[in-house]
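Data block below; observations after.
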Amino acid sequence: MSEKKHLFFALPYYLWLALFVIAPLVLIFYQSFLNLHGQFTVQNYLDFAQSSVYLKMTFNSVWYAFLITGLTLIIAYPVAYIIAQFKSRDFWLALVILPTWINLLLKTYAFIGILGEKGSINTFLRFIGLGSHQLLFTDASFILVAAYIELPFMILPIYNAIVAIKPSLINASLDLGASRFQTFRRVIWPLTKNGVAAGIQAVFIPSLSLFMITRLIGGNRVITLGTAIEEHFLTTQNWGMGSTIGVVLVVAMLIVMLLTDDSKKGGRAK
Amino acid sequence: MKKLVAALVTLGLVIAGLLVWNHQLMAKQSAGATGSKTLVIYNWGDYIDPNLIKKFEKQTGYKVDYETFDSNEAMLTKIQQGGTRYDLVVPSEYTVQRMQKEHLLRKLDHRQLPNLKYLAPRFLNQSFDPGNQYSVPYFWGTLGIVYNDKLVAHPLKHWEQLWDPQYRNQVMVYDSARDMMAIALITQGHSVNTTNYGELQAAERKLQGLSQNTRAVVADEMKMYLKQDEAAIGIAYSGDAAEMMDVNPHLHYVVPTEGSNIWFDNFVIPKSAKNLKGAYAFMNFMLEPKNAAQNADYVGYATPNQAARKYLPKAVTHNQAFYPDAQTMKHLEVYRDLPKKVNQEYNDLFLEFKMFVK
């Protein structure tokens with residue numbers, strides 16, 4: 001294909017990138033240097049770096065995103081592996097994907113019904129004589145719901161990576177005297193690393209800026225940077241500070257991308 | 001590949017079909033109501049009896065185009081951006097003040113509002129709009145305490161009781177900087193409109209003392225939680241309280257006598273309005289005592305319409321919780337629009353409290 005033709009077909013893609021990826025990023029970056037009165041300043045960044053509230057919030061965001069990602073990974077890898085072994089794996093995969101068709105808020109509200117004082121779990125606990133417990137507004141419930149919502153995005157890339165492994169490789173490994181564990185460690189794991197990295201990116205990055213679930217399930221006992229951004233844009237209308245936090249999040253995401261990319265070095269020709 | 005193309009083409013056809021359909025619907029609508037006969041109203045969600053809109057359309061021949069918002073800030077941003085043509089909007093009082101400062105509002109012509117006479121004088125001429133030059137009160141309400149008589153030993157009467165150690169982990173805090181800071185300020189005897197940073201800091205320290213009792217910091221979903229006995233106590237607006245009490249008879253609402261916030265939602269005509277005649281007609285229609293009573297009955301908030309009260313059940317108009325006595329009314333304070341910097345301080349301090357809750 002000639003260079004010109006190539007450009008012609010790529011044009012919509014570049015336009016898309018420029019309009020919906022680059023331009024918003026530039027605007028956020030620009031806004032982050034404006035104060036309440038629209039003057040140019042770096043004060044927002046200084047405020048952020050000097051405020052114990054924001055620093056603690058940043059730490060919270062990263063910590064909870066880490067926990068959510070860790071939990072989904074622990075669940076997703078075996079699930080993906082088992083589904084890949086099934087004969088009717090398409091059906092099982094569809095079951096995994098199905099919940100993503102339902103609106104996120106609806107799923108969150110459903111959990112309120114499950115975890116509440118009068119929810120199904122507490123009704124059951126009372127029934128077996130254990131009495132009701134507060135489940136909502138705890139760290140555990142927050143992480144559970146967030147992990148549930150993110151789970152499909154971890155399972156899918158790992159599943160794809162596992163399915164792509166040729167069975168002959170595993171057979172060869174076993175035939176040549178490797179134990180099952182060695183086969184996993186030396187053959188399956190390295191070949192699925194890419195999938196795991198993609199899954200971590202797909203889960204960690206959105207988890208950094210969760211905000212509705214922090215309020216609905218976490219009762220704002222879990223405060224992340226997403227909460228602060230929402231407040232700055234909607235309540236105080238301090239778009240500058242909101243954008244500054246946005247930039248911090250973008251940087252945090254870039255770091256995650258770089259870190260997870262590093263682990264792929266062996267797997268893919270650059 | 002073939003399959004993919006087929007899928008894409010189908011999708012494209014469906015979208016095109018929907019667009020055509022939508023276009024035809026719109027055309028039909030605007031044909032039914034040519035230009036000046038359409039009235040565009042922008043109001044809070046679920047904040048009017050839909051039957052009244054139908055009645056108005058029948059009576060006057062106007063076609064009402066009704067849109068809703070869920071926060072003053074969201075509404076304000078939309079109008080500031082321009083390109084809207086709302087004839088009537090219903091902001092809260094501090095937003096009326098802000099919109100007037102930003103020259104977004106049209107002055108009202110009182111000669112075209114004969115039904116203004118039905119409103120109780122004490123709800124007119126408020127500090128946010130002296131002489132009601134720009135706004136007409138639609139509903140008013142208060143901020144107060146909702147408690148569940150199954151879960152608390154004694155009825156609550158005062159803000160200070162929220163701090164009582166016996167309600168550990170039982171208070172649902174409302175996720176709004178202005179309201180929560182106001183409560184702390186009132187307990188310390190300060191104005192809810194203070195701009196004194198020292199007083200604000202003291203209020204924030206006071207709020208931190210509430211963190212032991214705080215079960216969660218939530219917004220609208222509090223209604224659902226309190227209906228389901230999820231917590232004993234909540235901080236809520238009167239209208240939300242009325243809605244909760246309808247469902248759960250164990251809930252009660254009190255306005256603390258030492259003071260609280262009183263708020264107003266008001267009709268205003270933005271500069272971008274096209275159908276002024278229709279806007280005045282609608283305001284007059286809604287001010288008609290019978291209509292105002294019907295609306296108040298549906299929405300559950302208190303009406304500023306004095307003449308409408310006789311059409312409302314006595315149980316409602318004599319209910320201290322929703323129509324507080326003069327003594328309590330004296331201590332209620334309206335929020336004033338704060339300078340952006342102070343508003344930021346309120347919110348930063350409240351954010352600090354939220355971080356502290358854990």
Side-chain angles (χ1 to χ4, degrees), chain A residues 35-38 44 47 51-60 64 105 108-109 112-113 115-119 122-123 132 134-139 141-142 211-225 227-242 245, chain B residues 69-77 80 95 98 148 150-151 168-180 204 211 214-222 224-232 248 338-358:
Chain A
N35 67 10
L36 267 174
H37 309 286
N44 290 334
D47 284 351
S51 150
S52 60
V53 173
Y54 286 130
L55 293 180
K56 199 175 149 210
M57 225 183 279
T58 315
F59 172 77
N60 271 353
Y64 284 111
L105 268 181
T108 312
Y109 270 93
I112 294 175
L115 299 170
E117 278 300 317
K118 292 201 169 161
N122 269 323
T123 310
S132 59
Q134 182 186 352
L135 302 171
L136 278 175
F137 317 129
T138 57
D139 278 9
S141 62
F142 168 69
F211 69 93
M212 267 323 277
I213 306 172
T214 56
R215 197 178 84 199
L216 286 168
I217 302 289
N220 268 333
R221 285 169 159 265
V222 178
I223 303 262
T224 60
L225 290 174
T227 316
I229 294 183
E230 187 202 9
E231 178 164 305
H232 281 302
F233 274 89
L234 291 180
T235 318
T236 60
Q237 305 203 299
N238 186 351
W239 291 20
M241 195 67 215
I245 303 170
Chain B
F69 55 85
D70 59 7
S71 87
N72 279 300
E73 284 72 18
M75 174 273 294
L76 183 62
T77 309
Q80 279 168 334
T95 310
R98 166 92 61 90
N148 189 321
K150 279 194 298 185
L151 303 172
R168 206 192 144 99
N169 201 20
Q170 280 304 328
V171 179
M172 288 249 174
V173 168
Y174 198 70
D175 189 12
S176 147
R178 198 73 200 266
D179 295 322
M180 290 312 298
E204 198 267 331
S211 58
T214 303
R215 189 178 187 89
V217 184
V218 287
D220 266 350
E221 54 281 3
M222 183 192 294
M224 174 180 65
Y225 287 133
L226 287 178
K227 282 179 206 165
Q228 301 172 355
D229 299 349
E230 183 71 37
N248 187 340
L338 298 167
K340 269 191 174 179
K341 187 178 147 276
V342 180
N343 192 22
Q344 184 72 59
E345 285 167 1
Y346 272 78
N347 279 280
D348 284 349
L349 288 168
F350 183 60
L351 198 60
E352 235 167 85
F353 157 70
K354 283 206 276 185
M355 292 295 294
F356 195 81
V357 164
K358 215 171 142 54

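Chain A is the first sequence line, chain B the second, and so forth, proteins listed ahead of strands; every chain is numbered from 1.
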Review point. Are the side chain of B/R215 and the backbone N or O of A/G219 linked by a donor-acceptor pair below 3.5 Å?
Key: no

Point to revise | From CA spacing to verdict: side-chain contact (heavy atoms from CB on, under 4.5 Å), B/D229, A/E117 | key: CA-CA 7 Å; B/D229 299 349; A/E117 278 300 317; 5.7 Å; no

**Study point:** Contact class of A/F233 relative to chain B, heavy atoms under 4.5 angstrom
**Key:** neither

Point to revise | CD on A/Q237 to OG1 on B/T77, rounded to 0.5 Å | key: 4.5 Å

Check your understanding: Taking all non-hydrogen atoms of both residues, which atom of A/E231 and which atom of B/N347 are closest, and how far apart?
Key -> OE2-O, 3.3 Å

Exercise for review: Would you name the heavy atoms of A/L136 and B/Y225 that are closest together and state the gap between them?
Suggested key: CD1-CE2, 3.6 Å

Revision key, fill the gap. Residue from B/K341, B/E73, B/E230, B/E352 scoring the most non-hydrogen pairs under 4.5 Å with chain A is B/E230

Review point. What part of B/N72 gets closer than 4.5 Å to chain A, counting heavy atoms only: side chain, backbone, both or neither?
Key: neither

Revision key, fill the gap. Most heavy-atom pairs under 4.5 Å with chain A, out of B/A231, B/A74, B/S71, B/A219, belong to B/A219

Exercise for review: Could you look at A/M241 and say if it's the side chain, the backbone, both or neither that has a heavy atom under 4.5 Å from chain B?
Suggested key: neither

Review point. Tell me, side chain or backbone of A/T227 under 4.5 Å from chain B's heavy atoms, or both, or neither?
Key: side chain

Check your understanding: Can A/T236 and B/E345 be said to form a side-chain contact (heavy atoms from CB on, under 4.5 Å), step by step?
Key -> CA-CA 9 Å; A/T236 60; B/E345 285 167 1; over 6 Å; no

Revision key, fill the gap. Value for CG (B/D348) from OH (A/Y54), rounded to nearest 0.5 Å, stands at 5.0 Å

Practice item. Might you work through the side-chain contact (heavy atoms from CB on, under 4.5 Å) test for A/I223 and B/F356, ending with a clear yes or no? Key: CA-CA 10 Å; A/I223 303 262; B/F356 195 81; over 6 Å; no

Exercise for review: Assess whether side-chain contact (heavy atoms from CB on, under 4.5 Å) is satisfied between B/M355 and A/N60, documenting all intermediate values.
Suggested key: CA-CA 10 Å; B/M355 292 295 294; A/N60 271 353; 4.0 Å; yes

Practice item. Examine whether an atom of A/N35 lies under 4.5 Å from a heavy atom of chain B, and if so say whether it belongs to the side chain, the backbone or both; otherwise answer neither. Key: neither

Practice item. Would you name the heavy atoms of B/V217 and A/R215 that are closest together and state the gap between them? Key: O-CG, 3.7 Å

Revision key, fill the gap. Under 4.5 Å to a heavy atom of chain B? For A/H37 that would be neither

Review point. In Å and rounded to the nearest 0.5 Å, what is the NZ to CE distance from B/K354 to A/M57?
Key: 8.5 Å

